[in-house]
2 protein chains.
Amino acid sequence: MLNELEKIKDSELLNGITVEELSSMLGCLRGVIKKYQKDELVLSEGEKIEKFGLLIEGRLRIVLYDYLGNKTIISEIKPNQIFGEAFAYVDKVSSTNIEAIEDSKILFLDSEKLSTPCNNGCSFHKQLVKNLLYIISNKNVNLTEKIECMSQRTTREKLLIFLNMESIKNNSKEFTISFDRQALADYLGVERSAMSAELSKLRNEGILESEKNKFKLL
Amino acid sequence: MLNELEKIKDSELLNGITVEELSSMLGCLRGVIKKYQKDELVLSEGEKIEKFGLLIEGRLRIVLYDYLGNKTIISEIKPNQIFGEAFAYVDKVSSTNIEAIEDSKILFLDSEKLSTPCNNGCSFHKQLVKNLLYIISNKNVNLTEKIECMSQRTTREKLLIFLNMESIKNNSKEFTISFDRQALADYLGVERSAMSAELSKLRNEGILESEKNKFKLL
DNA sequence: ATAAGTCTGTTGGATTTCCAACATAATAGG
DNA sequence: CCTATTATGTTGGAAATCCAACAGACTTAT
């Protein structure tokens, strides 16, 4: 267990909190570690959430399916990131699915316990809540960014806005994205083949270079 | 001032807090009330935010403009709701604009002060932070809902998903929305005239009835 | 090494949206 | 009450997307 906690000590949720402190809090927060295999469903639409997750290792995707089966990727969860906290705190059932796209290990924490300072002398609660506020706010900003991409009217504009944002996040005109073509199309809400065609155009027009998941804006 | 505070006593931010308690906290939170006229800009893209707002009266819209001038409405702010808190807590400049669409009165509160319990005996801080956690989580869910609408591939599907959500929120097949046609198009990320045409089709096919902003799903 | 499966790019036709222009209805102001 | 303005609906052609199908490159498993 301690070994697992070492892995997540740099997560934003634990900012300002030591592994020892976390370890002593785990009982209080009803911490549980679970494992999931690649392609396994971690959480499905309609489920009630009382614990949110902190990804220790692996990779998850938060996705939506419409009644036609079209898939939309809301976001990706990488190690050290948390998920499910929004639904936990508003006490609504999840409207999204969460899929493991790699073998994954997750620490689940009780959301109610976390936001209610207990009487056991867990003085770290205050810090945890502040961290949580920061993380959720940040997710809010990320969702707004995604909306900015999706609100573009053409596939070309969606691509350009997305790639520009990635470039800014990486502080470089050259960067690698974690989506393959199908996933990128699902994230932007467009058709894969049309997107591929548009990427070709952008390459031909000398606006960018790309090779697999590596892009360079010119 | 006390008169204004009475108006917002039912806001979610002040859940569990009395007007008197709020009044005593105002200095601590550096509360300031400002007025804006219809069509005035409350906050513009790129601005740094240190105080978030609580709308006392009027109506605001959070909007994005792309470089072609296309407008996207992210959400509407009605009295008692807060705005700007996400950017305040992640300490990023705003990527959105906030416009007053009616004459409005806003209470601004210092975000840093709010999330950091002070030593003046303001015991309500804890409650405020918990309320904030709930509100931001809820916004997160709302943004996800908007993404669900926008991720639909056709105008028709976007309309149907949106109207269904509104119907659920109102607990009735019959409901009134706060958007006019242009605003609805801006919210869904589609063209107004095409949307109008699609609405006509839906009416003709007997799927819904509508008259101005009043809709009825059949 | 081979075969099976996956990922990416290409293409053409059907469908849908976008855009601009106009008609009519509803609203606001003098 | 009349006029000016705004909101909504309609239409046709241009543009873009979607869809299905396929080819080639790359990866994985046996």
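A, B, ... follow the sequence lines: proteins, then strands. Residue 1 opens every chain. All figures in this text were calculated on a predicted structure; none of them were measured in a lab.
E99(A) and K71(A) are joined by a salt bridge, as a carboxylate oxygen and a charged side-chain nitrogen come within less than 4.0 angstrom of each other. Here K169(B) pairs with E145(B) in a salt bridge; the nearest charged N to carboxylate O distance falls below 4.0 Å. With respect to the salt-bridge test (charged N to carboxylate O, under 4.0 angstrom), the residues E102(A) and R61(A) do not qualify.
Rounded to whole Å, the distance from CG on L202(A) to C1' on dT10(C) is 16 Å. Between E211(A) atom CD and dC7(C) atom C1' the separation is 14 Å, expressed in whole Å. Between N204(B) atom CG and dT11(D) atom P there is a gap of 10 Å when expressed in whole angstrom units. For the pair L159(A) CG and dT17(D) C1', the computed distance is 13 Å after rounding to whole Å. One can place CG of D186(A) at 14 Å from C1' of dC18(D), the figure rounded to the nearest angstrom. Taking atom CD on E157(A) and atom P on dA15(D), their separation rounds to 15 Å, with Å as the unit. Atom CG of N213(A) is separated from atom P of dT6(C) by 18 Å (rounded to the nearest Å). The distance from atom CE of M195(A) to atom P of dC19(D) is 15 Å, rounded to the nearest whole Å.
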Can I get a per-line list of side-chain donor-acceptor pairs under 3.5 Å for residues 170-180 of chain B, giving both atom names and the distance, sequence neighbours left out?
residue : atom : partner : partner atom : Å
N170(B) : ND2  : E166(B) : O            : 2.7
S172(B) : OG   : E174(B) : N            : 2.9
S172(B) : OG   : E174(B) : O            : 2.9
S178(B) : OG   : E76(B)  : OE1          : 2.9
D180(B) : OD1  : Q182(B) : N            : 3.3
D180(B) : OD1  : A183(B) : N            : 2.9

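The side-chain heavy atoms of Y89(A) and N140(B), taken from C-beta on, include no pair separated by under 4.5 Å. Looking only at side-chain heavy atoms (C-beta outward), L109(B) and I82(B) stay at 4.5 Å or farther from each other. Contact of the S137(A) side chain with the E85(B) side chain is not registered, since no non-hydrogen atoms from C-beta on lie closer than 4.5 Å.
Contact annotation: K212(B) side-chain N/O to dT27(C) OP1/OP2 distance is under 4.0 Å.
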Tabulate atom names and distances for all N/O pairs under 3.5 angstrom spanning the protein and nucleotides 15-18 of chain C.
residue : atom : partner : partner atom : Å
dT17(C) : OP1  : T155(B) : N            : 2.5
dT17(C) : OP1  : T155(B) : OG1          : 3.1
dC18(C) : OP2  : E191(B) : N            : 3.0

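Nearest-nucleotide positions on DNA chain C place A197(A) closer to the 5' end than the other of N70(B) and A197(A).
When each of dT8(C), dT10(D), dG9(C) is scored by its nearest atom to the side-chain atoms of R203(A), the top-ranked nucleotide is dG9(C).
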